[in-house]
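Below: the structure, in structure tokens.
Whatever order the structure lists them in is the order used to number ligands and atoms, beginning at 1.
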Amino acid sequence: MNPVKRGVILLAGGVGSRFGAEKPKQFVELLGRPILDYSLDVFSKESDVVCVVSHPDWIDELYTLPHWREDILIAHGGKTRQESVYSGLQTLAQVSPEVVAIHDGARPLVSPNLIRTGWEKLKEGKAAIPVLPVHQTVAYVHHARISHYIDRTNLVIIQTPQFFHFETIYKAHQKARENGITDTTDDSQLLQKEGISVDIFNGELWNIKITTPEDILLAQTYLQQGEII
Ligand SMILES: Nc1ccn([C@@H]2O[C@H](COP(=O)(O)OP(=O)(O)OP(=O)(O)O)[C@@H](O)[C@H]2O)c(=O)n1
Ligand SMILES: C[C@](O)(CO)[C@H](O)COP(=O)(O)O
């Protein structure tokens with residue numbers, strides 16, 4: 001039997017408005033390396049084909065990444081994250097992967113272990129995503145006042161990379177577009193809407209998304225603390 005072909009979509013099509021740097025945050029340096037370069041390095045070793053989705057104005061910057069390789073595919077980003085993922089799926093479809101991992105290029109601390117767990121999970125189901133439990137007290141606010149408190153027992157925080165059978169997530173994206181849905185914040189939602197079960201596995205605390213400048217300090221601390229990746 002042929003080995004399963006594992007594709008990866010690395011999302012770098014955003015502009016980083018909340019981060020507010022001169023360049024999109026994925027190209028900002030974290031301990032001397034662009035943020036995007038960390039996940040590019042790890043995924044290049046843990047998959048068969050990588051597609052980076054880039055904002056069209058920033059493609060030249062990709063070639064300067066220390067771990068850039070000539071065989072990496074490039075897709076143009078869209079207006080929303082969902083549109084960027086779809087563009088990546090269309091590009092990857094040309095090489096027919098059986099499974100795909102979809103990852104925020106703004107999450108530099110993804111570990112080989114997390115990725116291997118995700119691929120393993122796809123032997124059991126069509127979709128698997130890493131999640132963290134909610135440890136805080138959570139409330140719903142209405143008109144600037146607490147409306148009610150939410151039972152956190154069954155709440156989780158969703159991370160990437162998210163793992164899918166390729167045809168399953170590709171079809172779900174096509175269907176969402178047909179239905180005029182173009183701005184979901186993650187990909188697992190599109191399957192859940194279709195009634196396809198999404199498995200979960202333990203995420204990693206340090207697998208943070210760089211959203212604001214303070215997140216850089218946190219990522220630096222995690223990196224300096226030891227052997228995460
Ligand atoms: N049109 C978009 C929007 C987002 N992303 C990617 O999706 C990931 C998560 O998005 P987010 O953190 O929201 O990034 P930005 O959209 O860049 O940030 P902001 O919302 O602050 O502008 C990032 O790796 C980002 O590059 C993308 O590929 N295409
Ligand atoms: C998929 C995701 O990482 C879920 O946590 C997503 O990118 C989150 O984006 P957000 O809009 O900044 O929550």
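Ring geometry for Phe163 against Trp119 counts as perpendicular: the plane angle is over 60°, on a 0 to 90° scale with 30° as the lower cut. Between Tyr63 and Trp68, the two ring planes are perpendicular [angle over 60°; tilted spans 30° to 60°].
When the heavy-atom distances from atom 5 (N) of ligand 1 to Gly105, Ala106, Ala75, Gly14 are ranked, the shortest goes to Gly14. If you check each of Arg18, Lys25, Arg81 against atom 14 (O) of ligand 1, the one with the closest non-hydrogen atom is Lys25.
Protein residues lining ligand 2, listed by chain and number: Arg18, Arg81, Asp104, Arg107, Ile158, Thr160, Thr185, Asp186, Lys209 [non-hydrogen atoms, distance under 4.0 Å].
Contact annotation: for Thr80 versus ligand 1, heavy atoms closer than 4.0 Å belong to the backbone alone. Of the heavy atoms in Lys209, only side-chain atoms (C-beta onward) come closer than 4.0 Å to ligand 1. At a heavy-atom distance under 4.0 Å, only side-chain atoms of Ser84, from C-beta outward, approach ligand 1.
Of the protein's non-hydrogen atoms, Leu11 O, 2.9 Å is the one closest to atom 24 (O) of ligand 1. Looking from atom 9 (C) of ligand 1 to the surrounding protein, the closest heavy atom is Asp104 OD1, 3.6 Å. Protein heavy atom at the shortest distance from atom 28 (O) of ligand 1 is Gly13 N, 2.8 Å.
Under a 4.0 angstrom heavy-atom cut-off, Val15 registers as being in contact with ligand 1. Not a single heavy atom of Gly77 sits closer than 4.0 Å to an atom of ligand 1.
For NE2 of His142, the number of neighbouring non-hydrogen atoms (other residues, nucleotides, ligands) closer than 6.0 Å is 12 at most. Counting non-hydrogen atoms of neighbouring residues, nucleotides and ligands closer than 6.0 angstrom, the CG atom of Asn154 reaches no more than 12 such neighbours. Crowding of Lys209 atom NZ: a count of heavy atoms from other residues, nucleotides or ligands under 6.0 Å exceeding 12.
With salt bridges taken as basic N to acidic carboxylate O contacts below 4.0 Å, one links Glu124 and Lys121.
Phe19 and Tyr38 end up in the same hydrophobic cluster when Ile, Leu, Val, Met, Phe, Trp and Tyr side chains are linked at under 4.5 Å. Val8 and Leu122 fall within the same hydrophobic cluster, defined by Ile, Leu, Val, Met, Phe, Trp and Tyr side-chain heavy atoms under 4.5 Å apart, directly or through other members.
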Working for salt bridge (Lys or Arg N to Asp or Glu O under 4.0 Å), residues Asp186 and Arg81: CA-CA 8 Å; Asp186 87 325; Arg81 182 187 186 280; over 6 Å; no
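Of all atoms in ligand 1, numbered sequentially from 1 with element shown, those under 4.0 Å from a heavy atom of Gly16 are 15 (P), 17 (O), 18 (O), 21 (O), 22 (O). Below 4.0 Å from some heavy atom of Gly78 lie the following atoms of ligand 1, by number and element: 1 (N). Here is the list of ligand 1 atoms found below 4.0 Å of a heavy atom in Lys79: 1 (N).
Separating the CG atom in Asp183 from the CD atom in Gln82 is a distance of 7.0 Å, to the nearest 0.5 Å.
With no hydrogens or angles considered, a side-chain donor-acceptor pair links Thr153 and Asp151 at under 3.5 Å.
Ser84 places a side-chain N or O within donor-acceptor distance of the main-chain N or O of Gly78, the cut-off being under 3.5 Å.
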